[in-house]
Structure formats: structure tokens, C-alpha cells
Colleague: 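One structure is given below, represented as C-alpha cells, and several questions about it will come after.
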Amino acid sequence: MRKINYKEYWATKSSPGNRRDDNEFCQKKINEVLLHIKRGGIILDYGCGNCNQTKFLSPHFDRIIASDLSECMLVEAKKEVEFSGIKNIIHLQADEDTVWEKIKQKVNGIISTGVIQYFQSQQLEKFIEKCVSNTTDDGFIVFFDVINPLKFLFFRYNLVNNRGSLINFVRCIIHATYLYFLEHNPEKNLGEIGYGYYPEYFIKICMKNNLNIEVVSSIYYEYRYHVIIKKRIY
Ligand SMILES: C[S@@+](CC[C@H](N)C(=O)[O-])C[C@H]1O[C@@H](n2cnc3c(N)ncnc32)[C@H](O)[C@@H]1O
């Protein structure tokens, strides 16, 4: 499958292209986020998009650093935050190579929703290590809405809830076989939506780095899950 340069892809986008971007849905998504993290302190929302979701985090933290690589997206994010009268969100244009030197401090937590699907596995492993060294010892790193490749194929070929046709079932088997046998990297190229990862990829990295990990299913997306990483405190 053709590889997309995701940084170029996002550089000119001004909307995250989520399934729903209305306030009611964004509030529900943040309620889900809050089930998994400790409130308070300073957090980094990495890949904040237009801050439609980030703004609902605002009452729960002292300060939020909302970063994104896309200047166009940050223009929309700033408008949204200003319009909502929020004072504790600051914006930062950065990618995974520049964000750490720009924030210059350890944060209490890192949230990243729908972003690591644009990272290849080596890039992602390095990013996780950087996240760990830039959070406090009692902090958290949460990747929300990671794509499970097989569940995504079920969704894409319309097989969820037994609604699929035989032809789609066959297509799904062929695609899954291709991903399993011919894509040898942990990241599974799913096209425009980015890369899918199986939970085992994160579990291995956490075991290697002596980190606690929890994996939970997404409430609102059939094929996504969340990865919650914490340091082990002795
Ligand atoms: C699908 S949107 C999600 C936005 C937001 N987190 C949300 O859930 O609504 C993905 C965002 O990640 C940003 N992004 C993609 N690759 C990135 C990278 N390497 N570093 C920082 N941001 C990135 C894009 O610019 C975009 O705003």
C-alpha cells in the first residue's frame, strides 16, 4: 500500500476530521478520557487538533499545553479557546522532535488522541521513551483511540454486526492475510487513516522499559482502544 507523508498531509488541514466534532460528542469523549487519568497539574495534549476536545479538559487541570504540528490547525484551536473564554490552555507548534525542548519542563501527564496512528513503529517507540522521561514519576501517558488493525478491517468491510456481504468477508480475509504475512513491521499500513497497532506492541515496549500498562476498549469507536502507561513506583 502507498505510504503517505502524514506530516505533509496534516500541515494544511484545519479540522481533525473526526466522526463527530460537535460539543456534545467532544464532551462525551473527554468524559471518557477522564475515567482513565488523574486530574490536576500540567498536562500536554499532543496533537490537539482544533482543541474542540481539549477545551473540555480545561476545568480539570491547572494548565494544558496544547501542541500540534499543523499551524492551520492551531489557528482554529486558538480561535476556539479564545471564543470559549478559556485561560489555562497555551498553544505550541511542534512535532515529536521539537516538542520536548519547547516545553522545557516535566508534565504531570500526556494525552494524545488519534495521533500516534501517523507514527511508524521506530518513531513511536522513541516518542514513548521521550514521553516517559518528560513526565513526573507519578504521571501518566495516555494514547487514546489507537487503531486495532483487525477490528478496523471488520469495520471497513462492513462486517460489524453481521451486516457484511460474502464478497466483503472475502476481501477482509485477503486484506488481513496480507497485513499478517506481508507487513512485517508492527505498524500496519491502513491507508489515509494511518497505521494500526496491536496492543502487544505497547505491552512489549512497556515490559522493556519497566512501565505499567493498561489497555481498554474505546467506548465510541468500534475499532479503537486506549493505552494507559504509568511509571512503576517502588
Ligand atoms: C485526527 S486529528 C486528532 C486531533 C485531536 N487530538 C482530536 O482528537 O480531535 C490528528 C492531529 O494530530 C496532528 N499530528 C499528526 N501528526 C503529528 C505529529 N507527528 N506531531 C504532532 N501532531 C501531529 C494533526 O495535525 C492533527 O491535528
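If you read the sequence from its start, that first residue is 1, and numbering goes on from there.
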Colleague: Using a strict 4.0 Å threshold on nitrogen-to-oxygen distance, state whether K230 and E214 make a salt bridge.
Modeller: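 Salt bridge flag = no for E214 with K230.
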
Colleague: Suppose we screen for ring-ring contact (aromatic ring centres under 6.0 Å, His included). Which residues come up paired with F169, at least two apart in sequence or across chains?
Modeller: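 In terms of ring-ring contact (aromatic ring centres under 6.0 Å, His included), with neighbours along the sequence ignored, F169 is linked to no residue.
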
Colleague: According to side chain to side chain donor-acceptor pair (under 3.5 Å), who are the partners of E24, at least two apart in sequence or on a separate chain?
Modeller: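 Scan of E24 (side chain to side chain donor-acceptor pair (under 3.5 Å), adjacent residues dropped) gives none.
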
Colleague: Among pairs that include at least one residue of residues 71-92, which meet ring-ring contact (aromatic ring centres under 6.0 Å, His included), considering only residues two or more places apart or in two chains?
Modeller: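 Residue pairs with at least one partner in residues 71-92: there are none.
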
Colleague: Output all residues satisfying ring-ring contact (aromatic ring centres under 6.0 Å, His included) with F25, sequence neighbours left out; order by chain, then residue number.
Modeller: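 Here the qualifying residues are Y220.
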
Colleague: For K79, check side chain to side chain donor-acceptor pair (under 3.5 Å) against everything at least two apart and list the hits.
Modeller: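 Partners of K79 under the side chain to side chain donor-acceptor pair (under 3.5 Å) test: E76.
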
Colleague: Restricting to ring-ring contact (aromatic ring centres under 6.0 Å, His included), what partner residues turn up for F61, sequence neighbours left out?
Modeller: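 Once residues adjacent in sequence are excluded, F61 has no partner under the ring-ring contact (aromatic ring centres under 6.0 Å, His included) criterion.
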
Colleague: Under a 3.5 Å threshold, yes or no: a donor from one side chain and an acceptor from the other, between N185 and S121?
Modeller: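 Side-chain D/A pair, N185 to S121: absent.
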
Colleague: Mind checking the OG-NZ spacing from S218 to K151? Nearest 0.5 Å is all I need.
Modeller: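 Reported to 0.5 Å precision, the distance equals 9.5 Å.
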
Colleague: If you measure only the distance, is there a donor-acceptor pair under 3.5 Å linking the side chains of R63 and N88?
Modeller: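 Absent: no donor and acceptor within the cut-off.
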
Colleague: Which residue pairs pass the side-chain hydrogen bond (donor to acceptor under 3.5 Å, both in side chains) test with at least one member in residues 98-116, sequence neighbours excluded?
Modeller: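 Passing the test, one end in residues 98-116: D95-T98.
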
Colleague: Classify the side-chain pair N158/N168 by whether it contains a donor and acceptor separated by less than 3.5 Å.
Modeller: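 No.
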
Colleague: Output all residues satisfying ring-ring contact (aromatic ring centres under 6.0 Å, His included) with F155, sequence neighbours left out; order by chain, then residue number.
Modeller: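 F155: ring-ring contact (aromatic ring centres under 6.0 Å, His included) contacts with Y223.
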
Colleague: Would N23 and K55 count as having a side-chain donor-acceptor pair, cut-off 3.5 Å?
Modeller: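 Yes, because at least one side-chain N or O of N23 sits under 3.5 Å from a partner of the opposite role on K55.
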
Colleague: Not counting sequence neighbours, list each pair that qualifies as a side-chain hydrogen bond (donor to acceptor under 3.5 Å, both in side chains) and has a residue in residues 193-206.
Modeller: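 Listed once each, the pairs would be none.
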
Colleague: With sequence neighbours excluded, what pairs up with R20 under the side chain to side chain donor-acceptor pair (under 3.5 Å) test?
Modeller: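 Partners of R20 under the side chain to side chain donor-acceptor pair (under 3.5 Å) test: D22.
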
Colleague: Just by modelled atom types, is the E96 backbone N or O under 3.5 Å from a matching donor or acceptor in the Y46 side chain?
Modeller: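 Side chain of Y46 to backbone of E96: a pair is present.
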
Colleague: Restricting to pairs with a member in residues 31-43, which pass side-chain hydrogen bond (donor to acceptor under 3.5 Å, both in side chains), not counting sequence neighbours?
Modeller: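 Qualifying pairs, neighbours excluded: Q27-N31, E32-H226, K38-D138, R39-H60.
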
Colleague: The criterion is side chain to side chain donor-acceptor pair (under 3.5 Å); which residues satisfy it with S165, sequence neighbours excluded?
Modeller: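 Testing S165 for side chain to side chain donor-acceptor pair (under 3.5 Å), a comparison that skips the adjacent residues, returns none.
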
